[in-house]
Amino acid sequence: MTVIRTARPADLPGLLALYRHLQPEDPAPDARQAEGAWAEMLASPLISVILAERAGELVASCTLVRIPNLTRGRYTMVLER
């Protein structure tokens, strides 16, 4: 069964492993930089990270960034998957 849920601080290692699997040619990120970026993402009220987990392993991720927009009183959204 696949579980869809919001990300938690402890998900960083699993998420980095998933990214490594999907993009093996990319260099591994600096651990301190990744930890800082992850903490900042999770603390932001404008960023939502949704994960798919199967059998305790992360199998997909989606990041939604809401950008305040000065026109029309709406947000602009960026979706990364």
Side-chain angles (χ1 to χ4, degrees):
M1 177 170 99
T2 302
V3 175
I4 307 297
R5 62 176 178 79
T6 57
R8 300 183 284 250
D11 289 320
L12 181 58
L15 192 55
L16 292 176
L18 173 63
Y19 292 162
R20 171 64 83 211
H21 172 74
L22 295 173
Q23 300 292 333
E25 67 282 352
D26 283 359
D30 175 78
R32 290 179 68 173
Q33 182 180 5
E35 289 168 3
W38 186 237
E40 190 173 347
M41 289 171 68
L42 294 180
S44 174
L46 298 175
I47 299 175
S48 299
V49 181
I50 308 301
L51 303 174
E53 183 178 50
R54 186 178 302 139
E57 183 176 349
L58 296 181
V59 294
S61 71
C62 176
T63 302
L64 176 67
V65 180
R66 296 178 302 276
I67 304 165
N69 187 323
L70 293 174
T71 62
R72 301 187 186 140
R74 301 181 206 171
Y75 286 93
T76 300
M77 305 286 197
V78 176
L79 180 65
E80 179 184 62
R81 54 183 180 89

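Start at 1 with the first residue, then count along the sequence.
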Count the heavy atoms belonging to other residues, nucleotides or ligands that lie under 6.0 Å from CZ of Arg54, then report whether that count exceeds 12. no
Would you give the length of the straight line joining atom CZ of Arg8 to atom CG of Leu42, rounded to the nearest 0.5 angstrom? 11.0 Å
To the nearest 0.5 Å, tell me how far Thr6 OG1 sits from Ile50 CD1. 6.0 Å
Distance from Glu80 atom CD to Thr63 atom OG1, nearest 0.5 Å? 5.0 Å
Would a single hydrophobic cluster contain both Met77 and Leu79, if residues Ile, Leu, Val, Met, Phe, Trp and Tyr are joined by side-chain heavy-atom contacts under 4.5 Å? yes
Determine the minimum heavy-atom distance between Leu18 and Ser61, stating which atoms define it. CD2-N, 4.1 Å
Heavy-atom pair of closest approach, residues Pro9 and Trp38: O-NE1, 3.2 Å
Of all heavy-atom pairs linking Pro68 and Leu46, the shortest is CD-CD1, 4.1 Å
Looking only at heavy atoms, which two atoms of Leu15 and Leu58 are closest? And how far apart? N-CD1, 3.4 Å
Please name the pair of heavy atoms, one in Thr2 and one in Ala52, separated by the smallest distance, quoted to 0.1 Å. CG2-CB, 4.0 Å
Contacts of type side chain to side chain contact (heavy atoms under 4.5 Å, CB included), residue Glu40, not counting sequence neighbours: none
Would you compute the distance between atom CD of Glu35 and atom CG of Asp30 and round it to the nearest 0.5 angstrom? 8.5 Å
Closest heavy-atom pair and its distance - Met41, Val49: CE-CG2, 3.9 Å
